[in-house]
Number of protein chains: 2
Amino acid sequence: MIKADSAAKSLNIAPRERLLASATELFSRKGYSATTTREIVAVAGVTKPVLYYYFRNKEGIYLELMHKATNKFEAMLDAFHAETGTPKKRILSFCDQIFALILENIEILRLVYSIYYGPHQGAPFIDFDSFELKLQKTVKHLVQEGIKKKEFQKEYVEDMTWAILGAINFSIEIELSHPEWGFGRKGLKRVLNLIFRGILARDGKKKGERK
Amino acid sequence: MIKADSAAKSLNIAPRERLLASATELFSRKGYSATTTREIVAVAGVTKPVLYYYFRNKEGIYLELMHKATNKFEAMLDAFHAETGTPKKRILSFCDQIFALILENIEILRLVYSIYYGPHQGAPFIDFDSFELKLQKTVKHLVQEGIKKKEFQKEYVEDMTWAILGAINFSIEIELSHPEWGFGRKGLKRVLNLIFRGILARDGKKKGERK
DNA sequence: GTCTATATTGAGATAGAC
DNA sequence: GTCTATCTCAATATAGAC
């Protein structure tokens with residue numbers, strides 16, 4: 001006989017997982033401080049002591065959530081090494097992968113962004129900087145490769161890195177504030193290509209160039 | 001005889017203004033929900049009823065704060081019309097003005113960003129979208145001028161607009177997360193110039209262009 | 001206008017039975 | 001592991017004197 005007396009329970013998922021899911025949704029929508037443990041357990045369809053049993057307290061479930069997410073992203077950054085193709089293609093592919101991963105985790109990312117760029121909301125400290133720096137390092141490395149292979153102009157490594165990171169960031173923010181615009185991966189690709197037309201060296205003529 | 005028994009009072013500013021200042025600082029650093037009215041009045045060096053006298057409640061002081069800020073920004077956008085120079089210069093000047101205004105109001109902007117892109121934190125709704133759209137419209141207009149005057153490529157108006165807005169946004173975010181990097185107005189200008197090298201039409205040779 | 005004192009609600013967290 | 005019942009404290013907000 002299947003136990004299913006609440007919408008949240010209907011899928012028969014373990015309470016611990018239901019709590020993580022409801023906490024993610026609520027923290028993302030209302031913020032860390034504005035979300036109460038009462039709501040979390042209510043949405044998860046369990047009672048309070050269950051939350052305090054699996055996680056030590058409100059900070060505990062937040063930390064668990066965040067660590068799961070940051071690990072996923074770090075793993076993705078570490079995995080990006082064996083890619084082939086021209087520097088430009090590699091950058092496009094890299095940005096696309098990052099963006100796809102972000103779309104899959106848009107809820108948690110909304111929370112991360114608001115805490116990294118905004119007030120901490122009383123949430124326990126998490127070192128988002130190390131991730132940011134890793135991302136930056138990866139992009140910079142890809143840009144330097146492009147320079148080495150003469151595909152990019154030889155100067156302005158920093159500015160190129162920043163322009164690319166900026167495009168990623170902005171596309172994420174459109175997704176956060178206006179997902180209905182359908183900017184998405186295609187939008188990011190278009191903006192990156194626009195930036196490339198400035199980044200790419202102009203030694204030889206490029207195909208498709210007019211006049 | 002001057003009354004000055006607290007650091008917050010020492011400048012002899014009216015309680016109403018002191019409350020607005022302390023609320024701005026606290027909302028920006030801790031977030032709307034995590035900031036308590038107790039803290040606000042404590043930092044301002046007044047007692048609770050003073051807050052409830054001047055502003056109706058916690059939401060009231062928040063709304064007052066926000067409306068003051070958004071009015072300032074709207075006014076700046078409206079004021080930007082009588083500028084001269086080439087489209088590129090006008091865009092650079094516009095972005096620089098925006099960025100300067102933002103630096104002057106970085107605290108309130110941190111709060112705005114976290115609420116616009118992130119969870120609402122239980123704060124009352126404010127229509128940030130109308131400002132975002134106005135900003136977008138202004139930039140798009142400047143881009144279209146550049147196209148009309150043949151200074152920019154004739155296609156990709158949207159992408160150009162987005163690339164420019166992205167650069168502004170990103171420079172703000174660096175200011176929010178890493179002000180010590182000293183990215184600032186110069187950084188924004190450099191990145192914009194990098195993007196321009198892709199936006200500028202390539203009909204004729206530009207001065208300073210090599211090879 | 002500004003204070004002291006207090007009402008009231010809701011938050012995080014736990015004791016202890018099952 | 002999960003529940004009911006409850007503790008404790010801090011939050012928003014106000015009454016009423018000055």
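Quick note on labels: first sequence line is chain A, next is B, and so on, each numbered from 1. What you are looking at is a predicted structure, and each value in this text was computed from that prediction instead of being measured.
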Worksheet item: Is there a side-chain contact between B/Leu20 and B/Lys68 (heavy atoms, below 4.5 Å)?
Response: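 Yes, at least one pair of side-chain atoms sits under 4.5 Å.
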
Worksheet item: Any side-chain heavy atom of A/Tyr52 sitting closer than 4.5 Å to one from A/Thr37?
Response: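 Of all side-chain heavy-atom pairs linking A/Thr37 with A/Tyr52, at least one is under 4.5 Å.
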
Fill in: Shortest side-chain distance from A/Pro49, nucleotide among C/dT2, C/dC3, D/dC3
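When the side chain of A/Pro49 is considered, D/dC3 is the closest of C/dT2, C/dC3, D/dC3.
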
Worksheet item: Counting side-chain heavy atoms from CB outward, which of C/dT14, C/dT4, D/dA13 is closest to B/Asn57?
Response: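 Closest of the options to the side chain of B/Asn57: D/dA13.
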
Worksheet entry | NZ/A/Lys140: more than 12 non-hydrogen atoms of other groups inside 6.0 Å | no

Worksheet item: Bend across the helix from C/dG1-D/dC18 to C/dC18-D/dG1, to 10°, with axes taken over 5 pairs at each end?
Response: 0°

Nearest-angstrom distance from the residue atom [atom1] of [X] to [atom2] of [N]:
| X | N | atom1 | atom2 | answer |
| --- | --- | --- | --- | --- |
| A/Leu19 | C/dG12 | CG | P | 14 Å |
| B/Tyr32 | D/dT12 | OH | P | 9 Å |
| A/Phe55 | C/dG12 | CZ | P | 15 Å |
| B/Ile61 | D/dA13 | CD1 | P | 12 Å |
| A/Leu51 | C/dT14 | CG | P | 11 Å |
| B/Arg56 | D/dT12 | CZ | P | 15 Å |

With distance as the sole criterion, is a donor-acceptor pair present between the side chains of [X] and [Y] under 3.5 Å?
| X | Y | value |
| --- | --- | --- |
| B/Ser93 | B/Gln97 | yes |
| B/Asp129 | B/Tyr116 | yes |
| A/Thr36 | A/Glu39 | yes |

Under 4.0 Å between a side-chain N/O of [X] and OP1 or OP2 of [N], yes or no?
| X | N | value |
| --- | --- | --- |
| A/Thr47 | D/dT2 | no |
| B/Tyr53 | D/dT14 | no |
| A/Tyr52 | C/dT14 | no |

Worksheet item: Who are the salt bridge (charged side-chain N to carboxylate O under 4.0 Å, His left out) partners of B/Glu132, not counting sequence neighbours?
Response: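 Per chain and number, B/Glu132 pairs via salt bridge (charged side-chain N to carboxylate O under 4.0 Å, His left out) with no residue.
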
Worksheet entry | Aromatic contact, B/Phe170 with A/Phe170 (centres under 6.0 Å) | no

Could you list the protein-to-nucleotides 9-11 of chain D atom pairs, N/O on both sides, closer than 3.5 Å?
from: D/dA11; atom 1: N7; to: B/Arg38; atom 2: NH1; distance (Å): 3.2

Fill in: Over-ring placement of B/Arg110 relative to B/Phe27, 6.0 Å and 45° cut-offs
no

